[in-house]
A.B. asks: 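Please find one structure pasted underneath; my questions will follow.
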Amino acid sequence: MALFTKKKDEERPSFQVLPNHLGIIMDGNGRWAKKRGLPRKAGHKQGADVFRTISQECADLGIRYVTFYAFSTENWKRPQEEVDALMALFKDYLLEAKQDFVKAGNNKIKFIGEREGISPELLELMDEAEAETAGHTGTTVYLAINYGGRQEIVSAVNRLIAEGKTAVTEQDISDSIYTVPECDLIIRPSGEQRLSNFLLWQAAYAEFWYSDVLWPDFKKSDLYAALREFEKRNRRFGG
C-alpha cells in the first residue's frame with residue numbers, strides 16, 4: 001500500500017474548525033490480535049495499515065501536523081519477538097514508502113524519539129525518508145519511535161545546557177522539543193484513558209477524545225467523530 005495514496009472520498013465531511021496539531025496514540029494492536037487468536041505481530045501489521053489510511057486522511061482534511069505514537073521508550077521491555085516484529089514492520093513501511101515519495105504530494109514525514117537502540121539500517125531508511133520529503137510544505141506526519149515525553153523534555157533541557165544556557169524558559173523548551181509545541185487534540189482508541197508519556201509538554205492544553213475501538217479497527221468515521229467533537233469544545237486555555 002502506498003504511503004500517501006490520493007483517492008476521492010465523497011463521504012468526507014467538512015469541518016469549520018480543525019486541530020492544527022493532532023496526536024494519535026495507536027493502541028490496542030495486541031488485544032485485537034488476541035481476540036482473534038492471532039500472534040501480536042498480526043495486530044501490529046493491521047495497525048500499520050490503519051496508520052497509512054488515517055495519516056493520509058488527516059492530510060486530505062488539511063490538518064497541519066499529525067503525530068502518531070508508534071513505539072515508546074518503554075516498549076523495549078516487551079518480548080523480543082514482538083519488538084523484532086515491530087522493527088521489521090517499520091523497515092517494510094519505509095522500504096515501501098521510499099518507492100512512493102515521488103508521488104507523495106506535498107506531505108512531509110519526520111521521526112521523533114531517541115536514535116539509540118535502533119538498528120543502523122533502519123536509521124538510514126528514516127534519514128532517507130526525511131530527506132526525500134524535507135522540501136514539502138504540506139502536512140507534517142511525525143512518527144514517534146523510541147519516544148517518551150519525559151525523555152523529550154530532558155533531552156531538550158540538556159541541549160540548552162550544552163548551548164550555555166544557565167536559566168531555561170518555557171519558550172526555550174518549546175523551541176527545543178521534537179515537534180511543534182502545542183497539541184490541540186489527542187485521540188486514544190482501545191478504551192484506555194491515559195496519556196502514557198506521550199507529548200507531555202505539547203499536551204498542556206490539549207483536548208482528549210477516547211474510544212473503545214481498538215486501533216486496527218479504527219476507521220475514518222472514528223476520526224471524523226473525534227474531529228466533530230473537537231469542534232464543539234470550548235477551549236479556554238486556563239482562562
Side-chain angles (χ1 to χ4, degrees), residues 1-5 7 9 11-13 22-61 66-100 109 111 113 117-119 122 125-126 129 141-148 185-199 208-229:
M1 184 182 295
L3 170 61
F4 297 113
T5 303
K7 64 179 182 178
D9 187 348
E11 296 181 0
R12 181 181 300 127
L22 170 64
I24 299 180
I25 300 174
M26 300 186 289
D27 191 23
N29 294 342
R31 277 169 284 165
W32 182 91
K34 185 177 180 180
K35 283 174 62 177
R36 290 159 176 78
L38 299 171
R40 289 176 66 89
K41 63 181 180 181
H44 294 309
K45 175 63 171 65
Q46 180 65 23
D49 291 341
V50 173
F51 157 73
R52 293 184 177 100
T53 298
I54 297 301
S55 62
Q56 180 56 43
E57 188 62 19
C58 289
D60 288 343
L61 285 165
V66 189
T67 302
F68 290 88
Y69 201 9
F71 188 87
S72 75
T73 50
E74 293 80 17
N75 286 159
W76 293 108
K77 301 173 186 176
R78 293 184 177 184
Q80 190 61 46
E81 181 182 4
E82 183 177 355
V83 171
D84 290 344
L86 278 166
M87 292 301 160
L89 268 178
F90 295 148
K91 178 182 175 182
D92 290 345
Y93 161 74
L94 289 170
L95 287 170
E96 181 179 275
K98 185 177 179 180
Q99 301 171 21
D100 196 54
I109 186 166
F111 297 90
I118 300 176
S119 72
L122 187 52
L125 288 170
M126 291 162 61
V141 177
Y142 290 104
L143 195 55
I145 298 177
N146 197 19
Y147 171 89
L185 172 65
I186 291 178
I187 293 173
R188 179 159 194 168
S190 86
E192 304 295 347
Q193 298 186 17
R194 55 178 179 269
L195 200 51
S196 295
N197 204 17
F198 179 56
L199 299 183
F208 292 85
W209 187 86
Y210 303 106
S211 169
D212 290 335
V213 175
L214 300 175
W215 177 249
D217 288 327
F218 195 88
K219 296 178 174 56
K220 292 179 186 180
S221 58
D222 298 304
L223 174 65
Y224 300 154
L227 296 176
R228 192 63 75 202
E229 179 65 27

A.B. asks: Which pair of non-hydrogen atoms, one from Asn29 and one from Gly47, has the smallest distance, and what is that distance?
C.D. replies: OD1-CA, 3.8 Å
A.B. asks: Within a strict 4.5 Å, meaning less than it, do heavy atoms of the Ile186 and Leu195 side chains meet?
C.D. replies: yes
A.B. asks: Is Glu57 salt-bridged to Arg12, cutoff N-O under 4.0 Å?
C.D. replies: yes
A.B. asks: Centroid-to-centroid, Trp215 to Phe51, below 6.0 Å?
C.D. replies: no
A.B. asks: Would you confirm whether the ring centroid of Tyr69 sits within less than 6.0 angstrom of the ring centroid of Tyr147?
C.D. replies: yes
A.B. asks: For residues Pro216 and Val50, report the shortest heavy-atom separation together with the two atoms involved.
C.D. replies: O-CG2, 3.4 Å
A.B. asks: Any side-chain heavy atom of Phe218 within less than 4.5 Å of one from Met26?
C.D. replies: no
A.B. asks: Heavy-atom distance under 4.5 Å between the side chains of Phe208 and Leu185, does that happen here?
C.D. replies: no
A.B. asks: Distance from Leu143 atom CG to Thr67 atom OG1, nearest 0.5 Å?
C.D. replies: 9.5 Å
A.B. asks: Between Arg31 (side chain) and Ser190 (backbone), is there a donor-acceptor pair under 3.5 Å?
C.D. replies: yes
A.B. asks: Salt bridge check, Arg36 against Asp217: does any charged N sit closer than 4.0 Å to a carboxylate O?
C.D. replies: yes
A.B. asks: Taking atom CD1 of Ile54 and atom CG of Leu22, what is their separation to the nearest 0.5 Å?
C.D. replies: 10.0 Å
A.B. asks: Do Lys77 and Glu82 meet the salt-bridge criterion of a basic N to acidic O distance under 4.0 Å?
C.D. replies: no
A.B. asks: Under 4.5 Å between any side-chain heavy atoms of Arg40 and Pro79, yes or no?
C.D. replies: no
A.B. asks: Which value, rounded to the nearest 0.5 Å, describes the distance between Ser221 atom OG and Glu11 atom CD?
C.D. replies: 9.0 Å
A.B. asks: First locate atom CZ of Phe68, then atom CD1 of Ile109, and finally report the distance between them rounded to the nearest 0.5 Å.
C.D. replies: 10.0 Å
A.B. asks: Nearest 0.5 Å please: distance from the CD atom of Glu229 over to the CD1 atom of Ile187.
C.D. replies: 11.0 Å
A.B. asks: Considering only heavy atoms from C-beta outward, does the side chain of Arg188 approach that of Trp209 to under 4.5 Å?
C.D. replies: no
A.B. asks: Taking the side chain as every heavy atom from C-beta outward, state whether Leu86 and Asn75 have any atom pair closer than 4.5 Å.
C.D. replies: no
A.B. asks: Can you give me the closest heavy-atom contact between Trp32 and Gly43, atom names plus distance?
C.D. replies: CE3-CA, 3.6 Å
A.B. asks: Salt-bridged, Asp222 to Lys219, with N to O below 4.0 Å?
C.D. replies: no
A.B. asks: Hey, could you give me the OH/CG distance between Tyr210 and Asp27, rounded to the nearest 0.5 Å?
C.D. replies: 11.5 Å
A.B. asks: Quick one about Glu74 and Asn197 (side-chain donor to acceptor, distance below 3.5 Å, no hydrogens or angles considered), yes or no?
C.D. replies: yes
A.B. asks: Do Ile118 and Ile145 come within less than 4.5 Å of each other through their side chains, counting heavy atoms only?
C.D. replies: yes
